[in-house]
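By convention in this document, chain letters (A, B, ...) are assigned in the order of the sequence lines, proteins followed by strands, and residues within each chain are numbered from 1.
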There are 2 protein chains.
Amino acid sequence: MLGRDYHATLADIADAAGVGRTTLHRYFSDRTGLISAAIEDSIAAIDESVAGAAIDQGSPIEAMRRLVTAMVAVGDRLVFLFGDPRVLEGRGAAGTPAPLDDPVIALIKRGQAEGAFDPDVTPAWIQRVLWSLVYTGYQDADACGLARHGIVSAVIRTLENGIHTPTPEHRQV
Amino acid sequence: MLGRDYHATLADIADAAGVGRTTLHRYFSDRTGLISAAIEDSIAAIDESVAGAAIDQGSPIEAMRRLVTAMVAVGDRLVFLFGDPRVLEGRGAAGTPAPLDDPVIALIKRGQAEGAFDPDVTPAWIQRVLWSLVYTGYQDADACGLARHGIVSAVIRTLENGIHTPTPEHRQV
DNA sequence: ACCAAATGGAACATTGATGTTCCATTAATG
DNA sequence: CATTAATGGAACATCAATGTTCCATTTGGT
């Protein structure tokens with residue numbers, strides 16, 4: 001709910017959750033508390049999903065495909081956390097830099113070192129591209145004529161080859 | 001300003017513009033009026049920039065490169081118009097579908113027909129990818145170690161080739 | 001210098017979201 | 001069935017953003 005609209009009213013959220021606004025306040029002291037709880041929950045879910053992808057193992061390309069799959073699976077959490085820059089704003093200096101930044105950057109650097117990924121762009125750029133394609137795939141799936149299960153393959157395909165017609169050596173399954 | 005934060009306070013906007021809040025109200029009857037004016041202005045600027053790219057001429061790849069350049073040049077307007085889905089929400093049925101959808105889709109279809117672009121994904125998907133890369137490039141330029149002038153080339157490079165190490169036949173200038 | 005227009009600040013009413021309190025109703029547990 | 005906890009609704013105070021009015025000041029043109 002907060003992922004779809006970060007400024008949703010507490011009344012709307014309560015309605016969407018099927019509870020009264022009073023009950024919502026009983027569980028979360030104030031709006032900040034609710035947001036914090038949602039952030040913690042989302043980070044945990046994302047961490048778990050990404051950890052399951054074991055991106056430090058196997059070939060970088062295969063690892064990246066597993067990562068995309070894992071990210072799309074928790075797309076709603078990603079949209080919530082990173083869709084509105086204000087969500088994670090107060091957390092920059094404090095603790096976690098971002099839930100999954102470090103292992104992803106490590107994977108990208110490994111892929112560049114092994115010759116799998118474009119070495120002429122920064123790892124940070126590749127990371128943003130990854131994120132933005134996952135976001136786009138998850139967010140605009142229906143607008144792009146993509147079925148839910150088609151998101152992952154479309155994201156992987158475009159992430160790996162861009163929009164050019166694939167060359168034989170880069171063709172994937 | 002509204003592009004950075006769609007929910008910016010009128011007082012903040014007035015401050016950023018270097019005028020008093022009263023003066024702001026004198027030019028725009030209410031917040032809706034201000035938003036509308038900003039939308040009109042942004043659409044005009046985008047239309048002008050994209051028209052200058054003449055994407056119906058030349059090879060699809062060259063046209064797409066010109067389009068990316070034109071889009072990055074009006075990145076702030078794009079961020080404002082499409083960054084928050086609420087901005088253009090009330091305009092769906094009324095008039096313009098979106099300022100530049102049709103010519104871009106036409107370019108993509110032409111590129112697919114001529115064998116330049118991946119024919120196995122929908123034009124709508126390619127369009128979203130294009131938009132999301134431009135958005136990412138414009139928005140996160142500094143976080144990705146990209147100088148302002150490096151955005152266009154990074155976006156084009158990744159859009160065309162993905163994150164794979166480029167093959168000789170696909171290498172660009 | 002003078003006048004007209006525009007500006008910015010202050011004060012005010014209004015609105016919507018929020019947080020709180022109280023109470024009736026419902027669900028769960030013995 | 002009786003007791004207890006949880007729930008949802010209503011009412012209220014608070015606060016921030018908004019829109020309005022009024023007035024002193026500044027700006028620009030003559």
Side-chain angles (χ1 to χ4, degrees), chain A residues 1-46 75-96 135 139, chain B residues 1-46 75-96 135 139:
Chain A
M1 180 71 193
L2 281 168
R4 280 200 299 273
D5 180 7
Y6 179 64
H7 293 87
T9 290
L10 292 187
D12 293 340
I13 297 174
D15 281 355
V19 302
R21 192 166 69 93
T22 312
T23 307
L24 199 62
H25 276 105
R26 204 165 279 127
Y27 282 88
F28 305 100
S29 59
D30 53 4
R31 187 185 178 87
T32 309
L34 173 64
I35 303 283
S36 294
I39 289 177
E40 299 306 325
D41 179 73
S42 292
I43 288 180
I46 293 170
D76 54 345
R77 317 297 187 109
L78 288 170
V79 167
F80 163 59
L81 279 190
F82 302 107
D84 193 311
R86 268 181 304 277
V87 178
L88 280 180
E89 219 155 53
R91 317 192 132 237
T96 339
Y135 185 91
Q139 193 83 318
Chain B
M1 180 71 193
L2 282 169
R4 281 201 299 274
D5 180 7
Y6 179 65
H7 293 87
T9 290
L10 292 188
D12 293 340
I13 296 175
D15 281 355
V19 301
R21 192 166 70 91
T22 312
T23 306
L24 199 63
H25 276 105
R26 204 165 281 127
Y27 281 89
F28 304 100
S29 59
D30 54 4
R31 187 183 178 85
T32 309
L34 173 64
I35 303 282
S36 294
I39 289 178
E40 299 306 326
D41 180 72
S42 293
I43 289 181
I46 293 171
D76 54 345
R77 317 297 187 107
L78 287 170
V79 168
F80 163 58
L81 279 190
F82 302 107
D84 192 311
R86 268 181 303 277
V87 178
L88 279 179
E89 218 154 54
R91 318 193 129 237
T96 338
Y135 185 92
Q139 193 83 317

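- Here Thr22(B) lies in heavy-atom contact (under 4.0 Å) with a base.
- When rounded to the nearest whole Å, the span between CG of Leu24(B) and P of dA17(D) equals 15 Å.
- As rounded to whole Å, 17 Å separates atom C1' of dA6(C) from atom NE2 of His25(B).
- The residue Gly33(B) sits apart from the nucleic acid: no heavy atom pair falls under 4.0 Å.
- Heavy atoms of Tyr27(B) sit under 4.0 angstrom from primed sugar atoms or phosphate atoms, though from no base atom.
- Side-chain atoms of Tyr6(B) and Ile35(B), non-hydrogen and from C-beta on, do get closer than 4.5 Å to each other.
- When distances are taken from the side chain of Leu10(A) to each of dA6(C), dG8(D), dG19(C), the shortest belongs to dG19(C).
- The nearest pair of heavy atoms linking Ile43(A) to Leu81(A) is CG1-CD1, 3.7 Å.
- By the 4.5 Å heavy-atom criterion applied to side chains, Leu10(A) and Leu34(A) are counted as neighbours.
- Atom P of nucleotide dC12(D) and atom CZ of Arg21(A) are separated by 14 Å, given to the nearest angstrom.
- Smallest separation of non-hydrogen atoms from Phe80(B) and Ser42(B): CD2-OG, 3.5 Å.
- Positionally, the nearest nucleotide of DNA chain D for Gly18(A) lies more toward the 5' end than for the other of Gly18(A) and Ala11(B).
- If you take CG of Asp5(B) and P of dA17(D), they are 11 Å apart, rounded to a whole angstrom.
- Minimum interatomic distance between Gly3(B) and Val79(B) (heavy atoms only, all atoms of both residues): O-CG1, 3.5 Å.
- If you take CG of Asp12(B) and P of dA16(D), they are 13 Å apart, rounded to a whole angstrom.
- In this structure, the nucleotide among dA11(C), dG19(C), dT7(C) sitting nearest to the side chain of Arg31(A) is dG19(C).
- In this structure, Asp30(B) places its CG atom 18 Å from P of dA17(D), rounding to the nearest Å.
- When the P atom of dT18(C) is taken as reference, atom CG of Asp15(A) falls 13 Å away, rounded to whole Å.
- Rounded to whole Å, the distance from NE2 on His7(A) to P on dA17(D) is 11 Å.
- The side chain of Val19(B) lies closest to dG8(C), out of dA17(D), dG8(C), dC22(C).
- For Arg26(B), whose side chain is taken as the heavy atoms from C-beta onward, the closest listed nucleotide among dG19(C), dT18(D), dT7(C) is dT7(C).
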